[in-house]
Protein chains: 2
Amino acid sequence: MAETARRRPRADALRNRERLLAEADAVFRAEGTGASLEGVARRAGVATGTLYGHFPTRAALIAALLEARNRELFEYGDGLAEHPDPARALADWIRAVVRHAAAYQGLAAALAARSGELQDSCHRLTAIGERLVDRARAAGALRGDTTGADVFTLMNAAAWAREHDTPAQADRLLDLALAGMIAR
Amino acid sequence: MAETARRRPRADALRNRERLLAEADAVFRAEGTGASLEGVARRAGVATGTLYGHFPTRAALIAALLEARNRELFEYGDGLAEHPDPARALADWIRAVVRHAAAYQGLAAALAARSGELQDSCHRLTAIGERLVDRARAAGALRGDTTGADVFTLMNAAAWAREHDTPAQADRLLDLALAGMIAR
DNA sequence: CCTCGAAACCGAGGATGCCTCATTTTAACG
DNA sequence: CGTTAAAATGAGGCATCCTCGGTTTCGAGG
């Protein structure tokens with residue numbers, strides 16, 4: 001039934017995809033995730049239709065850019081589940097995600113919006129946070145009834161603050177919330 | 001020297017200004033502060049040039065919309081300086097501002113950006129926060145070395161969270177941070 | 001090689017929004 | 001009623017988004 005005889009992907013398609021990702025990364029770093037997609041296409045030496053062919057939405061483009069970085073992050077988060085100090089593990093996780101979300105200005109908003117292609121990342125982030133929270137609670141390291149969702153909200157808010165105040169200022173906010181979350 | 005013989009303001013100008021403010025309020029409530037200004041002008045039955053004549057920038061329009069509301073808020077904040085429980089006063093202040101910033105989606109970002117015509121409000125907000133923080137510290141009600149700037153950052157972050165998660169979720173974040181900030 | 005079909009690319013163009021400015025209208029004043 | 005200056009107008013230049021019909025190009029099979 002199912003014809004599994006797939007064609008080899010075209011070389012130009014692969015090349016263009018790479019160029020688009022490279023330029024998008026540069027542009028987003030410089031101007032944030034709201035930057036002009038036409039500009040990205042132009043810089044990549046490609047027509048706008050080509051860009052939209054590869055990445056139907058802005059969220060799809062962002063998601064593709066994050067893929068490699070995400071793999072690393074998730075691995076780190078999974079590793080933290082073995083960490084001897086559950087409270088420390090949770091705090092480290094949150095800090096790592098906040099740093100991660102600082103890659104592009106506007107990324108925090110995109111994540112918080114859970115837009116289309118980014119939903120998977122959000123779920124994964126929440127799941128890992130949840131696991132670490134549960135472990136921390138089991139160890140009696142939590143003050144209140146914090147949940148995985150709380151952790152996700154906190155991460156986003158802290159990442160957002162980083163884009164508007166200084167990183168140092170945002171870190172103070174994060175420390176405040178962590179102090180309220182973690183016992184002792 | 002100075003010619004003080006000012007002309008009376010024109011009736012149509014006043015009328016249009018009011019209509020613009022009314023429609024802008026409605027549109028911003030529905031779509032956030034990023035809504036189309038052309039749409040606002042259209043709904044107000046006025047040409048776009050007229051809108052820009054009254055409010056040269058988006059921030060100016062937002063600032064005008066906030067004016068009345070702000071007066072009330074600042075008065076409340078000033079009143080809190082007499083409150084018998086300084087810790088409670090600080091927490092109440094923060095919660096009030098967060099509620100205030102929930103008027104339009106996008107307002108938190110506009111405030112955090114301290115864009116042009118909104119700067120005054122920001123300074124005022126920070127000043128009031130600073131006063132309440134100082135009083136709370138003097139009463140030994142603060143855990144760390146929290147500053148007025150920390151309070152401003154927290155307010156904005158909490159307000160922003162409200163726009164992306166549920167209000168309940170944002171309140172949990174706020175409670176977390178307050179727990180980290182206020183002793184006992 | 002060469003041919004063919006599908007996949008990818010192209011870029012004009014409609015839609016929307018921002019903001020300006022030369023021109024026209026109109027309210028206030030005498 | 002004029003006069004006059006403030007205010008309103010709305011076309012138009014520019015940027016961006018996204019789509020779609022037509023064209024090119026790659027890869028596979030002969």
*Asks:* Quick check on C:dC9: is either OP1 or OP2 less than 4.0 Å from any side-chain nitrogen or oxygen of A:His54?
*Replies:*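 A:His54 to C:dC9 OP1/OP2: side-chain N or O found under 4.0 Å.
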*Asks:* Does B:Leu154 reach the side chain of B:Leu174, with side-chain heavy atoms less than 4.5 Å apart?
*Replies:* yes
*Asks:* Can you tell me which nucleotide in D:dC26, D:dG10, C:dA12 comes closest to the side chain of A:Thr48?
*Replies:*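 Closest of the options to the side chain of A:Thr48: C:dA12.
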*Asks:* Please give, in whole Å, the distance from D:dA11 C1' to B:Leu51 CG?
*Replies:* 17 Å
*Asks:* One pair to check against salt bridge (charged side-chain N to carboxylate O under 4.0 Å, His left out): B:Arg88 and B:Asp92. What are the steps and the verdict?
*Replies:* CA-CA 6 Å; B:Arg88 179 70 184 277; B:Asp92 283 354; 3.4 Å; yes
*Asks:* How is A:Ala35 classified with respect to the nucleic acid when contacts are heavy atoms under 4.0 Å: base, sugar-phosphate, or nothing?
*Replies:* sugar-phosphate
*Asks:* When we call it a touch if two heavy atoms are under 4.0 Å apart, what does B:Pro56 touch: a base, just sugar-phosphate, or nothing?
*Replies:*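 Touches nothing.
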*Asks:* Over all strands shown, is A:Gly49 touching base, sugar-phosphate only, or nothing at heavy-atom distances under 4.0 angstrom?
*Replies:* base
*Asks:* Return the value, rounded to whole Å, for the distance between atom CG of A:Leu14 and atom P of C:dA8.
*Replies:*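 My rounded result for the distance is 9 Å.
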*Asks:* Without decimals, in angstroms, what is the distance between B:Arg8 CZ and C:dA28 P?
*Replies:*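 Atom CZ in B:Arg8 sits about 5 Å away from atom P in C:dA28.
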*Asks:* Check every atom of C:dC19, C:dC10, D:dA6 against the side chain of B:Glu38 and return the nucleotide holding the closest atom.
*Replies:* C:dC19
*Asks:* Starting the side chain at C-beta, find the nucleotide from C:dC18, C:dA28, C:dG17 nearest to B:Arg58.
*Replies:* C:dC18
*Asks:* Expressed as a whole number of angstroms, how long is the span from B:Leu37:CG to D:dG10:P?
*Replies:* 18 Å
*Asks:* Is the closest side-chain donor-acceptor distance between A:Glu117 and A:Thr57 under 3.5 Å?
*Replies:* yes
*Asks:* Would you indicate, yes or no, if D:dA8 has its OP1 or OP2 atom less than 4.0 angstrom from a side-chain nitrogen or oxygen of B:Asn16?
*Replies:*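 So the side chain of B:Asn16 is within the cut-off, an N or O lying under 4.0 Å from OP1 or OP2 of D:dA8.
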*Asks:* Which label fits B:Tyr104 and B:Phe28: parallel for a plane angle under 30°, tilted from 30 to 60°, or perpendicular past 60°?
*Replies:* perpendicular
*Asks:* Would you mind telling me which of D:dC17, C:dG11, C:dG17 lies closest to the side-chain atoms of A:Tyr52?
*Replies:*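 Selected nucleotide: D:dC17.
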*Asks:* Within this structure, what is the CZ-to-C1' distance between A:Arg15 and C:dA7, rounded to whole angstrom?
*Replies:* 14 Å
*Asks:* Just one of B:Leu37, B:Leu65, B:Leu51, B:Leu61 clears the side chain to side chain contact (heavy atoms under 4.5 Å, CB included) bar with B:Leu20, so which one?
*Replies:*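 Only match with B:Leu20 under side chain to side chain contact (heavy atoms under 4.5 Å, CB included): B:Leu51.
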*Asks:* Remember a base hit wins even if backbone is also touched, and classify B:Ser36 as base, sugar-phosphate or nothing at under 4.0 Å, heavy atoms.
*Replies:*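 The answer is sugar-phosphate, as B:Ser36 gets under 4.0 Å only of primed atoms, P, OP1 or OP2.
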*Asks:* As a test of reading the structure: which of C:dA8, D:dT9, C:dA27 is closest to the side chain of A:Asp12, going by heavy atoms?
*Replies:* C:dA8
*Asks:* Is it true that A:Asn70 and A:His100 share a donor-acceptor pair across their side chains at a distance under 3.5 Å?
*Replies:* yes
*Asks:* What contact category does B:Arg17 fall into here, base, sugar-phosphate, or nothing, at under 4.0 angstrom with non-hydrogen atoms?
*Replies:* nothing
*Asks:* Counting only side-chain heavy atoms from C-beta out, which of C:dC18, D:dC17, D:dA7 sits nearest to B:Ala13?
*Replies:* D:dA7
*Asks:* How long is the line joining CZ of A:Arg42 and P of D:dT16, in whole Å?
*Replies:*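 Whole-Å distance recorded here is 7 Å.
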*Asks:* In whole angstroms, how far is the P atom of D:dC17 from the CG atom of A:Leu61?
*Replies:*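 Computing the A:Leu61:CG to D:dC17:P distance gives 11 Å.
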*Asks:* Using heavy-atom distances to pick each residue's nearest nucleotide on DNA chain C, tell me which of B:Ala11 and B:Gly39 is more 5'.
*Replies:*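 Result of the comparison: B:Gly39.
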*Asks:* Between C:dC18 atom C1' and B:Phe55 atom CZ, what is the distance in whole Å?
*Replies:*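 Taking atom C1' of C:dC18 as the reference, CZ of B:Phe55 is at 17 Å.
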*Asks:* Want to settle it: does B:Arg10 or B:Thr50 sit nearer the 5' end of DNA chain D, counting the closest nucleotide to each?
*Replies:* B:Arg10
*Asks:* Any idea which of D:dA28, C:dC9, C:dA12 is nearest the A:Arg7 side chain?
*Replies:*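 Side chain of A:Arg7 sits closest to D:dA28.
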